[in-house]
Amino acid sequence: MVDNSGSAGTVEGDGKDIACISCDRQVSLHQSMGGGKAADVLLWKQRHVSFGIVVVATVFWLLIEHSGMPLLTISSDVLLVLVVLLFLRANFAALRHKPIQTLPQLVLSEEFVDSVAASFRGKINNALLMAHDITLGNDFKRFFRVVICLWLLSVLGSYLSFFTFAYIGTIISITVPALYNKYNKHVDRYFGMIFQEFRKHYKVMDESVFSRLPGSFSKDKDQ
């Protein structure tokens with residue numbers, strides 16, 4: 001039975017008592033995602049916006065994958081239709097002497113651009129540092145993980161196009177956080193059990209294979 005008073009992710013004895021990850025969480029999922037409008041959309045607190053993203057992504061994917069038209073042609077046609085509709089709407093309102101409902105002004109703030117640039121900078125630097133360690137042969141474990149990830153991406157790429165892959169990623173990003181926020185206790189419990197089983201198998205492989213290969217001396221570096 002799960003002990004809600006225990007610490008998150010701990011295992012006692014032979015691993016039968018697995019604490020729920022969400023039981024000791026200090027902040028909500030909404031706060032951990034930044035607590036802004038993006039978090040509201042991903043958690044479906046603004047249902048019309050979230051549903052609109054799903055609909056637009058689905059329509060756009062269907063147009064690209066099943067129409068046989070190039071991406072540039074589809075994008076230009078969609079923008080052309082929008083521009084014509086907005087132009088006709090404005091002139092129709094002017095003829096009827098009705099006030100025009102202006103669209104919200106979308107402006108990227110300097111703080112937002114700086115935060116995004118800093119985030120990308122950190123990720124790029126981490127990737128370059130990882131590549132540096134791999135090329136020097138100092139970390140076999142990291143090399144193994146990178147090879148597995150690239151191989152999986154290669155396999156997925158042979159079955160899915162880039163736009164299908166991007167569409168699946170969009171649908172997952174807009175649905176999984178909301179589902180997890182609703183069923184987090186059950187998900188954390190079963191994920192903890194799977195994680196412990198995976199850690200046992202990884203420990204066996206680490207002791208029997210990885211520790212005997214060059215670069216095992218960098219184990220302390222990762223920890």
Side-chain angles (χ1 to χ4, degrees), residues 8-9 20-23 25-83 85-86 101 103-109 111-124 126-127 145 148-150 152-195 198:
C20 178
I21 298 174
S22 63
C23 295
R25 183 179 291 147
Q26 299 297 326
V27 296
S28 64
L29 180 62
H30 184 267
Q31 293 175 343
S32 64
M33 296 175 66
K37 294 182 178 179
D40 293 338
V41 173
L42 293 177
L43 295 179
W44 286 71
K45 293 184 180 297
Q46 297 183 3
R47 295 180 180 273
H48 60 287
V49 178
S50 303
F51 183 75
I53 292 176
V54 173
V55 172
V56 171
T58 302
V59 172
F60 193 69
W61 173 73
L62 289 174
L63 287 175
I64 293 177
E65 290 295 325
H66 298 283
S67 66
M69 299 172 62
L71 175 62
L72 181 60
T73 301
I74 294 176
S75 302
S76 300
D77 290 341
V78 171
L79 291 176
L80 175 62
V81 171
L82 289 176
V83 169
L85 290 178
L86 292 175
Q101 297 179 357
L103 297 176
Q105 186 177 6
L106 302 178
V107 178
L108 293 178
S109 64
E111 293 78 10
F112 176 77
V113 175
D114 291 340
S115 63
V116 172
S119 177
F120 275 106
R121 175 177 175 271
K123 288 179 172 56
I124 292 175
N126 290 334
R145 290 194 293 265
I148 293 297
C149 291
L150 293 177
L152 290 176
L153 289 176
S154 177
V155 172
L156 289 175
S158 62
Y159 293 98
L160 303 175
S161 66
F162 172 78
F163 296 106
T164 300
F165 189 77
Y167 171 71
I168 293 175
T170 302
I171 297 300
I172 290 176
S173 64
I174 202 68
T175 55
V176 170
L179 293 175
Y180 176 75
N181 187 51
K182 186 175 182 180
Y183 303 104
N184 57 69
K185 292 184 179 180
H186 302 287
V187 174
D188 288 342
R189 180 183 177 185
Y190 290 110
F191 178 78
M193 297 171 62
I194 295 173
F195 177 76
F198 176 78

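Predicted model, so just to flag it, every value in this text is computed and none were measured.
To the nearest 0.5 angstrom, T58 atom OG1 is 11.0 Å from L63 atom CG. For the atom pair F191 CZ and N184 CG, the distance stands at 13.5 Å (nearest 0.5 Å). With rounding to the nearest 0.5 angstrom, the CD1 atom of I168 is 9.5 Å from the CD1 atom of I171.
By the 4.5 Å heavy-atom criterion applied to side chains, I64 and T164 are not counted as neighbours. With a 4.5 Å cut-off on side-chain heavy atoms, H48 and F51 do not count as touching.
Across P177 and L43, no two heavy atoms sit closer than the pair O-CD2, 3.5 Å. Looking at every heavy atom in both residues, L153 comes nearest to F165 through CD2-CZ, 4.2 Å. Residues I74 and F60 approach most closely at CG2-CE1, 4.3 Å, considering heavy atoms.
When atom types are taken as modelled, the side chain of W44 and the backbone of T175 share no donor-acceptor pair closer than 3.5 angstrom. Between the side chain of S75 and the backbone N or O of L72 there is no donor-acceptor pair closer than 3.5 Å. In this structure, the side chain of S173 engages the main chain of T170 through a donor-acceptor pair within 3.5 Å. Remark: the backbone N or O of L150 is not paired with any side-chain donor or acceptor of S154 at under 3.5 angstrom.
Taking the six-membered ring for Trp and thresholds of 30 and 60 degrees, H186 and Y183 have ring planes inclined between 30 and 60 degrees apart. Between H66 and W61, the angle of the ring planes goes over 60°, which puts this pair in the perpendicular group of the 30/60° scheme.
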